[in-house]
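Working notes, structure below.
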Amino acid sequence: MSKKVRVRFAPSPTGGLHLGGVRTVLYNYLFAKKYGGDFLVRIEDTDQSRYVAGAEEYIFETLKWCGLEPDESVQHGGEYGPYRQSERKASYRQYAEKLVNDGHAYYAFDTTEELEKMRHDLKSAENHSPQYDHTVRLKMRNSLTLSPEEVNTLLKLETRHVIRIKMPDHENISFIDMIRGEVHFDSSLVDDKVLLKADGMPTYHLAVVVDDYLMKISHAFRGEEWLPSAPVHILLWKYLFGLENMPKWAHFPLILGPNGKLSKRDGAKFGFPVFAMNWTDPKTNELTEGFKEKGFLPEAFINLLALLGWNDGTEQEIFSKEELIQKFSMERVHSAGAKFDYEKAKWFNHEWIKQSGVGGLESGVKTLLVQNDITVNNDALLHKVIELVKDRCVLLSDFVNQSSFFFKAPETLDVDAVKPKWNDDKKNFFIAYSEKLQSVGEWNALALENSFKELAVEKAIKPGELQLPFRIMLVGGKFGPPVFNIAELLGKEETTARINKAINLFV
RNA sequence: GGCCCGUUCGUCUAAGGGUUAGGACACCACCCUUUCACGGUGGUGAUACGAGUUCGAAUCUCGUACGGGCUACCA
């Protein structure tokens, strides 16, 4: 057995990839990279009825945006493919049949109606959902109750059937979870899960064990919702490949929404994204908004996700991917679920925007401006604008409001903010200032401010009272960086043009 | 109902028997700024409850309560 760490992310292509899913990939990825191991992606698509067109491509696009792609040589270069379970169909049945032959599983011929009847008849106040377990299996139609001849006949006639695991009576099943420590189960309380479906496809339970063995997975990490089925998987390992070959397990805590497990609906309901990237359901045309489109930087997204359930024990909160790889440890992953807080998520993004260099922001900002019909034909100006404005942008999309007026004169001005205190003296000041600007020697913020103040003193008006009108003239509203910096970047021609145009609008 | 996991400020969390229970987000106040932010300083605010072990418990044990997950021929 290879000593190398091999972990996998195993999504089912049923549409979208939410926070919990991305965090699962992240932790898998970080763990693999930390120990110099392999990270691969296996697609769990054994339920063809739930497969959504485009969902698999979407998953890989998301991983790409997040920077969590599997190494090409691992994903496609190894001898462990294929990576789509539907393409591995042929190999599963033999394992299921081996289990039957060894007495650990059995054929079950019950029809859907018979199963429904059983559940209905056995349902009571003490038992909300009756299971197909050791107490009922001898009352059903399966190879445990039928004679070998009958079973053979049914199989020869290709009667629809499944293969179920035969859970042992009162066996204590336990394993060590890397996050939670020792976890115990009583096998009598677990039902006889279907391993091979009537269509010949394996269920997740069989597939995950067989694939993990065949792909030599050394560590298997997944969400906490899988904890209850762990005893089935452990038994399968014991019966099929030996407990000593079983991967080490860890079950991540759930990411919670305002009420319970975070769901797709929470996003629409509470106004925050729950998917990494926009996802449009091809069947319903319903759009679920993504962090990417909302204006998040992938670095910030990864960072905030990593800290939702893990920390390095210090007070550091901002981590690059490289730092996360270096500092991540499974032992420090929490065992309790974490409620997602959008405000904190935005804070992470703000921090990342502030510490990003102009170069890292440039292309994103540019496409955003272009999308909003702003023409950017001066990259040098764009650089200066980004530098000047980025501290006040929480989301990438904030760059639109914060910087479009540098490239395009505001269409409407917030005249109401100026009108009440506007008078002829102020009007005359701006007429004079506009003229004075023509002879300013060096066009920079400091010079502009000095000449502005000189003129104000000359006209006996407090400079402070003139700054807001000036801002409204240039920007259109009460926001943005310091006015004189704006004027500097706008240039002489544009600044005077905006002043002259606005002067008569405040009456 | 049964099984499993969990429980420190509103939220994310630190503190692995001895701390005035620390930090961050959010909130409030003040400072900076005659725009909006950034930034700075300070503040409100938590060990679910009850027993036990111990000189000493947020920390270990048990019980209770509460929360979450699972209970499909879905993953």
Side-chain angles (χ1 to χ4, degrees), chain A residues 10-14 44-47 49-50 85 108 110-112 115 119 123-133 160-164 177 179-180 183-186 188-191 193-205 207-208 222-231 251 253-254 256 258-261 304 307-318 334-348 350-351 354 389-394 398 401-402 414 417 462-472 475 477-483 486:
Chain A
S12 62
T14 51
E44 316 233 321
D45 62 344
T46 54
D47 184 1
S49 67
R50 299 209 322 159
Q85 284 182 334
D110 315 281
T111 62
T112 311
L115 288 173
R119 295 207 170 93
K123 194 167 178 172
S124 65
E126 300 80 47
N127 191 352
H128 283 183
S129 38
Q131 305 190 112
Y132 198 122
D133 61 14
R160 279 180 73 82
H161 65 279
V162 301
I163 293 178
R164 285 180 183 272
D177 185 285
I179 296 170
R180 285 153 221 282
V183 183
H184 306 260
F185 301 88
D186 177 350
S188 299
L189 270 6
V190 183
D191 62 332
K193 290 260 183 278
V194 170
L195 301 177
L196 198 75
K197 298 185 270 188
D199 64 0
M201 280 288 194
T203 58
Y204 172 81
H205 307 295
V208 76
R222 49 177 14 173
E224 191 185 349
E225 69 270 29
W226 287 106
L227 208 37
S229 51
H251 291 85
L254 266 9
L256 277 8
N259 6 295
K261 190 177 169 184
L304 72 92
L307 272 282
L308 211 50
W310 171 88
N311 71 84
D312 75 338
T314 72
E315 284 173 2
Q316 183 176 351
E317 295 199 90
I318 302 299
H334 269 241
S335 45
K339 200 175 281 184
F340 174 67
D341 180 2
Y342 189 44
E343 293 306 317
K344 182 94 185 214
K346 285 193 290 192
W347 175 81
F348 275 106
H350 192 186
E351 290 300 309
K354 281 192 291 178
V389 134
K390 65 177 184 160
D391 280 6
R392 33 191 29 99
C393 295
V394 173
D398 292 335
N401 278 333
Q402 290 291 341
D414 183 2
K462 286 182 189 163
E465 288 186 21
L466 295 161
Q467 281 196 27
L468 183 62
F470 190 29
R471 167 177 299 280
I472 303 290
V475 177
K478 292 198 279 185
F479 62 93
V483 245
I486 296 172

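Just the heavy atoms: all of them, side chains too, but no hydrogens, waters or symmetry mates, feed the values below. Quantities reported herein were computed from a predicted structural model and do not represent experimental measurements. Letters A, B, ... are given to chains in the order of the sequence lines, protein chains preceding strands, and every chain is numbered from 1.
- When both distances must be under 3.5 Å, the Watson-Crick or G-U wobble mate of B/C32 does not exist.
- Comparing A/A336 and A/F340, the nucleotide of RNA chain B nearest to each residue sits closer to the 5' end for A/A336.
- We find that CD of A/E315 is positioned 11 Å from P of B/A15, with the value rounded to whole Å.
- Atoms CZ (A/F348) and C1' (B/C25) sit 9 Å apart, rounded to a whole Å.
- In plain terms, the two heavy atoms of A/P228 and A/F185 that are nearest each other are CA-CE2, 4.4 Å.
- Between B/C4 and B/U41, the two C1' atoms lie 48 Å apart (nearest whole Å).
- The C1' atoms of B/A29 and B/G45 are separated by 15 Å, rounded to the nearest whole Å.
- The closest donor-acceptor contact from the side chain of A/D177 to the backbone of A/H251 lies under 3.5 Å.
- A/R164 CZ to A/H205 NE2: the interatomic distance, rounded to the nearest 0.5 Å, is 10.5 Å.
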Sugar-phosphate or base contact per nucleotide [nucleotides 29-38 of chain B; S, B, -; heavy atom under 4.0 Å]: -----BBBBS
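- Here B/A15 sits opposite no nucleotide as a Watson-Crick or G-U wobble pair (both hydrogen-bonding atom distances under 3.5 Å).
- Taking every heavy atom of both residues into account, A/V194 and A/V162 meet most closely at CG1-CB, 4.0 Å.
- A distance of about 33 Å separates the C1' atoms of B/G18 and B/A26, rounded to the whole Å.
- Between the CG atom of A/N127 and the C1' atom of B/C3 there is a distance of 12 Å, rounded to whole Å.
- The nearest whole Å value for the distance from the CG atom in A/L308 to the C1' atom in B/C25 is 12 Å.
- Of all nucleotides listed (B/A24, B/G23, B/U11), B/A24 comes nearest to the side chain of A/E317.
- Distance CD/A/E317 to CG/A/D312: 10.0 Å, rounded to 0.5 Å.
- Rounded to the nearest Å, the gap between the C1' atom of B/G6 and that of B/U64 is 15 Å.
- The distance between atom CZ of A/R180 and atom P of B/C5, rounded to the nearest whole Å, is 9 Å.
- Applying the side chain to side chain donor-acceptor pair (under 3.5 Å) test to A/K354 and every residue at least two apart in sequence or in another chain returns A/E351.
- The nucleotide B/C66 finds its pairing partner in B/G6, both defining distances of the Watson-Crick or G-U wobble pair being shorter than 3.5 Å.
- Between the C1' atoms of B/A15 and B/C36, the separation comes to 39 Å (whole Å).
- In this structure, A/N311 CG and A/L308 CG are separated by 11.5 Å, a value rounded to the nearest 0.5 Å.
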With B for base contact, S for sugar-phosphate-only contact and - for none (protein heavy atoms under 4.0 Å), nucleotides 63-75 of chain B reads -----SBSB-BBB
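- Because its glycosidic torsion is more than 90° from 0, B/C55 is reported here as anti.
- Remark: P of B/G10 and NZ of A/K344 are 15 Å apart, rounded to the nearest angstrom.
- Nucleotide B/A75 forms a pair with no other nucleotide shown, judged by Watson-Crick or G-U wobble geometry with both contacts under 3.5 Å.
- Figure legend. B/C27 is base-paired to B/G43; pairs are counted as Watson-Crick or G-U wobble with both atom distances under 3.5 Å.
- Following rounding to the nearest Å, A/I318 (CD1) and B/G23 (C1') show an atom-to-atom distance of 13 Å.
- Summarising the base pairing, B/C38 is matched to no nucleotide, lacking a Watson-Crick or G-U wobble pair whose two defining distances lie under 3.5 Å.
- Taking NZ from A/K193 and CD from A/Q131, the interatomic distance works out to 6.0 Å, rounded to the nearest 0.5 Å.
- Going from atom CG of A/N311 over to atom P of B/C12 covers 13 Å, rounded to whole Å.
- Going from atom NE2 of A/H334 over to atom CD1 of A/I179 covers 10.5 Å, rounded to the nearest 0.5 Å.
- Using a 4.0 Å heavy-atom distance criterion, A/G309 is classed as a sugar-phosphate-only contact.
- Within the shown strands, nothing qualifies as a pairing partner of B/A21 under the Watson-Crick or G-U definition with both distances less than 3.5 Å.
- A distance of about 42 Å separates the C1' atoms of B/A72 and B/A14, rounded to the whole Å.
- In this structure, the separation between CH2 on A/W347 and CG on A/L304 is 10.5 Å, given to the nearest 0.5 Å.
- Closest to the side chain of A/F185, from the set B/C4, B/A24, B/U11, is B/C4.
- Side-chain atoms of A/D45 come within 3.5 Å of backbone N or O of A/Q85 as a donor-acceptor pair.
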